[in-house]
Amino acid sequence: MTLFEELKARDLIAQMTHEDEIENMLNNDKVTFYIGFDPTADSLHVGHFLQLVVMSRFQKAGHKPICLLGGGTTMVGDPTGKTDMRKIMTQQDIMHNAECFKKQMCRLVDFSDDKAIMVNNADWLLELNYIDFLRNVGVHFSVNRMLTAECFKSRMENGLSFLEFNYMLMQSYDFLVLSRKYGCMLQMGGNDQWSNIISGADLIRRVDQKPALGMTFTLLTTSEGKKMGKTEKGAVWLDPEKTSPFEFFQYWRNVADNDVIRCMKLLTFVPLSEIAEMEKLEGSALNGVKERLATEITTMVHGEEEAAKALEAGRALFGAGSAAGSAPTTALAGADFENGAIGILDLLVKTGLAPSKGEARRLIQQGGVFVGDDKIDDVMKSFTPQDIGEREFIIRKGKKSFHKVTL
RNA sequence: GGGAGCGUUCCCGAGUGGCCAAAGGGGGCAGACUGUAAAUCUGUUGUCAGUGACUUCGGUGGUUCGAAUCCACCCGCUCCCA
């Protein structure tokens, strides 16, 4: 099966500029392609992960990825899909974020022996001269056409600053630069980037009369159309400091039945033949598939060892077994005890299981708090250091939140 | 530059002097049901203390016994005209 066929079979492809040309090229040439990532946060998230996995697929098929960090474009801010203007970020933050991105990317894409290139568009965007840029690049863009672009639609109601309006030109210019410098012929990205990608391809064809192609990938959404990778706490991050490997694993372990196969196809390297077998499963049998999904993805991001630990921890907590190693842990100090004991309310707040005492109280009143296997129904219940020290002290909130307490 | 509006608790959105910690919806959390799924139903959703206190309605001052609600100025945003 060729790379192109596999992409199709996995439902990865959303849109392409020139389907036949792309297929032909991928089959017969070594293609240099690029995907851009704007460092708007200090860690990559699940959305980026999909792109990086795709990059890796291409790389394994012999093509050459360019990883573009948007150190320059982030100074402007991509308005795509945003309803409000993003806060303007300082250059310092952007640089810091870019460094964080780099480290994480190296896990998923092989940069050794020049097998992939990492560039930062700050290197060419920051020094641009306004008038020159307008005359050389700006002439090729029609405001009329831009305004009809899908990516600005959501902003036509809430307002769009001129700053952000220029984002499309910046990204198009990036493609032009990479085309000239590295012979990059293909830009890819999430489907929300379609407008930006085709405008770049148009620019190259217009200015240099060179071939330029674009392809976008399916956005990672649930069967209900919601974006995946978000939890109540915010994004699911690849940085273990921001989302622990255990939480990360649990996120995938808990995807809805209807989304498992889709995630398998989009995010893992599990062969399609195997996935086809999984597709036949129904009901609780899908739990096995979910474990596999979580293990596969966690392994890619955090390594085999962490994935195994997370799997074990989850099984222990949700199965019949006792307690777990990698549940979050809080150590108490002597100062946490008043008159030799700590109240359950304080304990819940201390461990972060409840944001406030009021909420902690509510949780208990509604019967959602357990210590070990015992349900706590008294809000005044308190524990001494002996209580906590003598056994594994696990507090559970609801069914899925566990916290270990030690001295 | 001229004119008209808007800014409410996590989000949307009611509220136009006391009955407002503030309707309703969404989301979240918990319970029941379950398969660590979905759907459904129930409860809950400012903080601290058990019927009370404190902080909140863009910011700062003011009017009033009393303001999210009135006034002034400031900040931010939207729309119309140029």
Side-chain angles (χ1 to χ4, degrees), chain A residues 79 82-88 152 154-164 221-228 230-236 244-264 278-279 281-295 297-298 307 310-321 323-324 326-328 338 343-346 348-371 375-382 394-403:
Chain A
K82 308 267 182 318
T83 49
D84 300 302
M85 184 164 163
R86 189 188 280 273
K87 203 179 156 207
I88 293 183
F152 295 124
S154 62
R155 288 305 213 85
M156 297 318 285
E157 289 174 15
N158 298 314
L160 174 70
S161 68
F162 185 67
L163 174 77
E164 296 170 286
T221 54
T222 66
S223 53
E224 285 155 6
K226 288 183 191 152
K227 263 191 201 166
M228 285 195 75
K230 293 262 192 247
T231 67
E232 69 284 358
K233 289 176 199 152
V236 175
S244 73
F246 178 73
E247 288 173 274
F248 187 82
F249 183 96
Q250 284 299 319
Y251 179 81
W252 299 108
R253 175 60 248 263
N254 280 316
V255 298
D257 286 10
N258 293 334
D259 299 328
V260 198
I261 297 299
R262 182 185 171 73
C263 287
M264 274 287 186
M278 297 173 184
E279 219 161 343
L281 300 173
E282 282 182 358
S284 56
L286 282 171
N287 280 333
V289 182
K290 290 182 191 178
E291 275 189 353
R292 176 75 188 277
L293 175 72
T295 305
I297 298 181
T298 309
L311 175 65
E312 271 315 301
R315 281 186 176 166
L317 284 169
F318 293 103
S326 69
E338 235 175 284
I344 182 68
L345 295 181
D346 288 317
L348 284 166
V349 174
K350 190 87 190 165
T351 56
L353 287 172
S356 69
K357 282 188 167 191
E359 180 139 353
R361 181 183 297 270
R362 239 174 274 127
L363 279 167
I364 293 171
Q365 285 165 348
Q366 296 188 81
V369 177
F370 296 78
V371 169
K375 188 197 254 187
I376 303 295
D377 43 21
D378 178 9
V379 295
M380 297 315 284
K381 176 96 176 164
S382 61
I394 303 278
I395 303 188
R396 175 158 70 86
K397 179 189 87 165
K399 296 190 175 85
K400 295 182 199 166
S401 305
F402 297 82
H403 205 100

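By convention in this document, chain letters (A, B, ...) are assigned in the order of the sequence lines, proteins followed by strands, and residues within each chain are numbered from 1.
Between the side chain of Gln250(A) and the base of rU36(B) there is at least one donor-acceptor pair of N/O atoms closer than 3.5 Å. A donor and an acceptor atom never sit less than 3.5 Å apart when one is taken from the side chain of Gln366(A) and the other from the base of rG31(B).
Pairing of rU78(B), defined by two Watson-Crick or G-U wobble distances under 3.5 Å, is identified with rA4(B). When both pairing distances are held under 3.5 Å, rU40(B) makes a Watson-Crick or G-U pair with rA32(B). Look at rU9(B): it lacks any Watson-Crick or wobble partner with both distances under 3.5 angstrom.
Residue contacts for Gly367(A): at a heavy-atom cut-off of 4.0 Å it reaches the sugar-phosphate backbone alone, with no base atom in range.
Comparing atom distances between the Gln365(A) side chain and each of rA49(B), rG50(B), rA37(B) picks out rG50(B) as nearest. In the set rC29(B), rG31(B), rA37(B), the nucleotide with an atom closest to the side chain of Lys397(A) is rC29(B). Residue Lys399(A) places its side chain closer to rU34(B) than to any other of rG50(B), rA38(B), rU34(B).
Note on Ser356(A): a side-chain N or O is less than 4.0 Å away from OP1 or OP2 of rC48(B). Look at Lys290(A) and you won't find any side-chain N or O under 4.0 angstrom from OP1 or OP2 of rA37(B).
Both Ala285(A) and Arg362(A) lie near RNA chain B, and the one whose nearest nucleotide falls closer to the 5' end is Ala285(A).
Between Ile395(A) and Thr351(A), the shortest heavy-atom contact is CD1-CG2, 4.5 Å.
Side-chain N/O atoms of Glu359(A) and Ser356(A) include no donor and acceptor closer than 3.5 Å.
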